Amino acid sequence: MDKSEFESRYFDLVSKAPGKTFLFYGNLKEDMIRWSASAVEYFGLPGEIFGDSTREWISRIHPEDVEPYTDSLMELLHGVTPYHNCEYRIKNAQGEYVWVNCRGYMTYDADGKAEWFGGLVTNMGYQTKIDAVTNLWTVHQFRSELNRLLDDRARGGILMIGLENFKRINAEYSYAYGDKVLALIGEKLREGVLHNCHVFRMDGANFAIVMQDAGVERIVEYKKFVDSFMRNLVVSGQVVHLRFKAAAAFFPEDGEFLDQIQSNLFYALDHAKLTNTDDVVFYSKELFAQKKYMTRLKEAIRECVEEDCKGFRIVMQPIVETKSEVCDAAEVLLRFIHPEFGVIGPMDFIPILENSKEIIRVGKWVIDQSLQTLARWREQIGHLPLKRLQINVSYVQFKDPELLGYVVERLDHYQLPHDAVMLELTESCRVEQTSFLSDVLQTFKDAGISIALDDFGTGYASLTVLKDIPADMVKLDHTMTRSITEKPKDKALIEFIVTYCKKVGIAVCAEGVEKVEALSIVRNAGVECIQGYYYDKPLELDTFYRKYVK
Ligand code: C2E
Ligand code: MG
Ligand code: MG
């Protein structure tokens, strides 16, 4: 018996195993996927092997879950990660949606093309009550326990712990290592609980601790305990640096029904992430009012985007070349005003646009408006007034495969040279998958479009990013430039970055330069260009034209 015959027989055998776990494997190059007999029966598939199987599978997925699924597939295909681990709803043979967990593994050929793919789909409705990785109760048990407490008219609090950069652990090490980390956290969390408390592994990297009769104090105390063991987390001899956010709600005060409490808890956790606080965020009426406000604001923004970006406009801030002290470039910044909500700042509306992916559409509008303006000014004065416009681009936009084509098409449409645009990667781009990002960025550079790393000096891993990402410019964040006059260490760090960048051929732009003292420090450090209130604030287009173009 040769290997492939053995594999086929082996698959026959294991795929008939009873239970609600379904197997599949296939070869993407040959567009072949084989499903286990039990999957064919349960999901009513056309057969064990059938054509266009990915599309057929996607057509059964709940519309709300298609995107995370296809996102994960894209990551697999591009080799961002060989692992697939996704939860979604899919129709079974009876046409009912069931929640499934789908795990798989991809292999790649010598050219890096996706080749073999195999894995299993588990019907979560049939999952056990205990999470296999952490040995904690699952989210299903959380729901039934909370229901029981509510029925018994019990009182108490729930603390939710959400790990923040857990995806990075999986990406940097392995899923197996990630599982070990989760298992250890589960163990520690259980060690810390008193009587009448239960720890649950919620979906993904979230944990909940249900504490009967607990008030604010006990919750805060437990959170401190989590702080202490998270600081010293050692797994397989390695120190693991994990950040987390904490949120809490009380029953029955914060919701008479299970779903209400659960959604309020998640809302509070989102709020903790959004505001980046290290304190426990307690769900409250005010938070609820804010939630309602945010929902209305999001809806209002969505309507404006649909109406051809009504209410949005661009402004420009001069970027001055250090040597000549001439403004030869500008950063394009987005502004938004709404008749009911008034002026909303980019720090508030950009994350909303990023979350809803509307930033893709608005971003294209920004690009078009910017290039149109530049072309108009060229016509008015007979030559290009600026060497380049620097346009902000979020990670979500870089993930859009149409972005590059769009930028090039617009540049050509307005007959502008490709180096008239520099794209600034905002902080949201500082994701774990630098290899994916650097591949994408290289395609922009090949098309003659340059790249700046924005907000440099905030977030983490900035220096390693420099090594891996093909950037033409680094923009030192104003949090750094602001402190250089007081903190000698910050000054030294800037000098160090400039020296490093000079060696590897990356230009440095100092942002947020407000005072003459800061100006002289960054000048002496040798930065190529400067942007900040010292020269000018972001200006309306007509003002910019009057001051810097005409
Ligand atoms: P950024 O790209 O780092 O932009 C620089 C920010 O610093 C701007 O804030 C600018 O007004 C501000 N700034 C400039 N000089 C000074 C100074 O001397 N002192 C101080 N304190 N601040 C200064 P703004 O306009 O509020 O934008 C905030 C962020 O929103 C931007 O940070 C960028 O990340 C994002 N953003 C703005 N427009 C767009 C856009 O069109 N697309 C995307 N994806 N993000 C955008
Ligand atoms: Mg920027
Ligand atoms: Mg910046």
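What you are looking at is a predicted structure, and each value in this text was computed from that prediction instead of being measured. In listed order, ligands and their atoms are each counted from 1. What's counted below: heavy atoms across the whole structure, side chains too, no hydrogens, waters or symmetry copies.
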**Report entry** Which segment of Glu354 sits under 4.0 Å of ligand 1 when only heavy atoms are counted
**Finding:** neither

Query - Salt bridge Glu64-Arg89, side-chain N to carboxylate O under 4.0 Å - result: yes

Report summary line: By salt bridge (charged side-chain N to carboxylate O under 4.0 Å, His left out), Asp278 pairs with (sequence neighbours left out) Lys245

Query raised in the report: Is it the side chain, the backbone, both or neither of Leu333 that has a heavy atom closer than 4.0 Å to ligand 1?
Result: both

**Report entry** Which segment of Arg335 sits under 4.0 Å of ligand 1 when only heavy atoms are counted
**Finding:** side chain

Query raised in the report: What part of Lys475, side chain, backbone, both or neither, has a heavy atom within less than 4.0 angstrom of ligand 1?
Result: neither

Report summary line: Within the 4.0 Å heavy-atom cut-off, what Glu511 brings close to ligand 1 is side chain

Requested in this report: Could you tell me whether Ile350 approaches ligand 1 through its side chain, its backbone, both or neither, with non-hydrogen atoms closer than 4.0 Å?
Outcome: side chain

Requested in this report: Quick one: list whatever passes salt bridge (charged side-chain N to carboxylate O under 4.0 Å, His left out) with Asp536, sequence neighbours left out.
Outcome: Lys547

Query raised in the report: Any idea which atoms of ligand 1 are less than 4.0 Å away from a heavy-atom of Gln397?
Result: 44 (N)

Query raised in the report: Looking only at heavy atoms, is any part of Ser394 under 4.0 Å from ligand 1, and if so is it the side chain, the backbone, or both, or is it neither?
Result: both

Report summary line: Counting heavy atoms under 4.0 Å, the part of Gln531 that contacts ligand 1 is neither

Query raised in the report: Between Asp455 and ligand 1, which residue portion shows a heavy-atom distance shorter than 4.0 Å: side chain, backbone, both, or neither?
Result: side chain

Query raised in the report: Does a side-chain N-to-carboxylate-O contact under 4.0 Å join Lys357 and Asp71?
Result: yes

**Report entry** Shortest non-hydrogen contact from Ile350 toward Ser394
**Finding:** CG2-OG, 4.5 Å

Report task. Enumerate the atoms of ligand 1 whose separation from the nearest heavy atom of Pro346 is less than 4.0 angstrom. Result -> 24 (P), 25 (O), 26 (O), 27 (O), 28 (C), 30 (O)

Query raised in the report: Using 4.0 Å as the upper bound for N to carboxylate O, is an ion pair formed by Glu303 and Lys310?
Result: no

Query raised in the report: Can we say Glu299 and Arg302 salt-bridge, meaning some charged N sits less than 4.0 Å from an Asp/Glu carboxylate O?
Result: yes

Report summary line: Short version for Leu334: what comes under 4.0 Å of ligand 1, heavy atoms counted, is both

